[in-house]
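Below is one structure, written out as structure tokens, with a few remarks after it.
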Amino acid sequence: MRAVLLVHGGAWAIPDILADGSIDGVKKAAKEGFIKLEKSGSAVDAVEAAVRILEDIPVFDAGHGAVLNADGDVELDAIIMNGKTLAAGAVSCVKNISNPVTLARSVMEKTDHVMLTGTGANKFAEKQGIPQVPTEELVTQHARAEWKMYQKYNESVTNLFNTQMVHDTVGAVAVDYDGNVACATSTGGITNKMVGRVGDTPVIGSGGYADNNIGAVSATGHGESILKVNLSRLVLFHMEQGKSPLEAANTALCYMEDRVTGRGGVIVVNTEGDWAAQFSTNRMAWACVKSRNLFCGLNPGECFKESLI
Ligand code: GLY
């Protein structure tokens, strides 16, 4: 069994100024997530560790660096799923939390529920001793500038949502040495979203899915489009029908574009350790560690390889 850890930093038209930071960030998360995978041996531990790192890097739209809603506030969504048991935990519209993926994991492991939202999720975080941080600590200059631009062009805002011009989401998938798979996804959503808007990320089967009988997926892109086609579960459906992770990812992304004109990206593993990182946007920063090799890319068709030894 070959263990694999694969991460993404969001599918969108990443400007050159953020390109190096995005690649460095996904490489760091993939390496440290893989170390966790080797140390603890658990796919769930590895995806949580990798997503926490991405949430802490302000270049990405999750945790620190999250985009702002119409009120200029931060509302965060996250999911984690364990392919062995189909246990899942998710949070939506949480505020003042640096690492929503860890809160999602607490929902999965310490409640009888699958998703907590808004003030209820924040109350649960407090009970769990998960630290709350001031909103300003999560907000970057870039996120504030992006929000101001949206406010300025408010009338045409609905046209701006389904474009590639805004930050999007982080995620991780893993298969461990026992063949267990897991996924985790975390996001600030889309800039200038309505207060209370929930995207694809925390919705099981849309922002992520993991099942030891098939594999694991984390999705990124235009949330409303991903929700309509249930993108993560759609990829796994195609794998159940015999497609490879690469074929399944491309088929599902094409379907989303054809049916709802939506663009995005997915990272995929199966239980054999085959993997794919595919996107229909201009760019998606991704990195993968397998067998002491690190693979990464940003532009379509790109795959660089480095040895970790
Ligand atoms: N894909 C993240 C969102 O639309 O909220």
Side-chain angles (χ1 to χ4, degrees), residues 7-14 22 26 51 54-55 59-63 65-71 73-81 90-95 97 100-101 104 115 117-118 121 138 143 146-147 150 157-173 183-209 217-235 249 252-253 256-257 260-268 277-286:
V7 304
H8 70 77
W12 62 295
I14 301 165
S22 299
V26 290
V51 167
L54 295 166
E55 287 173 336
V59 80
F60 300 120
D61 172 20
V67 299
L68 307 182
N69 69 14
D71 278 1
D73 202 357
V74 173
E75 289 182 320
L76 304 163
D77 302 334
I79 189 171
I80 191 163
M81 187 161 183
V91 290
S92 59
C93 282
V94 291
K95 295 186 180 189
I97 302 282
V101 70
M115 191 194 291
T117 193
L138 302 175
E146 206 168 81
W147 177 75
Y150 267 69
V157 77
T158 48
N159 296 331
L160 285 174
F161 282 135
N162 189 7
T163 67
Q164 302 176 39
M165 300 317 294
V166 287
H167 265 85
D168 196 70
T169 312
V170 302
V173 292
C183 70
T185 312
S186 180
T187 191
I190 48 180
T191 296
N192 214 30
K193 63 186 180 180
M194 286 176 71
V195 175
R197 176 263 191 190
V198 177
D200 60 297
T201 298
V203 178
I204 291 167
S206 288
Y209 201 84
V217 180
S218 169
T220 161
H222 180 235
E224 282 70 13
S225 299
I226 294 171
L227 281 163
K228 286 172 191 167
V229 302
N230 229 258
L231 185 62
S232 293
R233 193 62 186 78
L234 184 61
V235 172
L253 287 169
M256 183 165 81
E257 192 159 357
V260 294
T261 3
R263 292 200 182 188
V266 286
I267 51 172
V268 189
Q278 292 296 304
F279 49 98
S280 51
T281 49
N282 290 14
R283 283 176 159 173
M284 179 178 84
W286 62 270

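One-based numbering, in listed order, for ligands and for the atoms of each.
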Indicate yes or no for a side-chain donor-acceptor contact from Thr201 to the backbone of Asp77 under 3.5 Å, with no hydrogens or angles considered. no

At less than 4.0 angstrom from any non-hydrogen atom of Gly221, what atoms of ligand 1 do you find? 1 (N), 2 (C), 4 (O)

Does ligand 1 have any atom sitting under 4.0 Å from a heavy atom of Thr220? no

With a cut-off of 4.0 Å, which atoms of ligand 1 are near a heavy atom of Thr201? 2 (C)

Indicate yes or no for a side-chain donor-acceptor contact from Trp147 to the backbone of Val67 under 3.5 Å, with no hydrogens or angles considered. no

Near Thr169, which atoms of ligand 1 are under 4.0 Å from a heavy atom of that residue? 1 (N), 2 (C)

Return the closest protein heavy atom for atom 3 (C) of ligand 1 as residue, atom name and distance. Asp200 OD1, 3.3 Å

Any heavy atom of Arg197 under 4.0 Å from ligand 1? The part involved is side chain

I need the contact type for Asp168 against ligand 1. Using non-hydrogen atoms and a strict under-4.0 Å cut-off, is it side chain, backbone, both or neither? side chain

Can we say Glu224 and Arg197 salt-bridge, meaning some charged N sits less than 4.0 Å from an Asp/Glu carboxylate O? yes

For the residue pair Arg263 and Glu257, establish whether any side-chain heavy-atom pair is separated by less than 4.5 Å. yes

Considering the options Asn230, Leu231, Val235, which one meets the side-chain contact (heavy atoms from CB on, under 4.5 Å) requirement together with Arg233? Asn230

Would you say Gly189 and ligand 1 have an N/O pair spaced under 3.5 Å apart? no

Side chain proximity check, Ile79 to Ile204, heavy atoms < 4.5 angstrom: yes

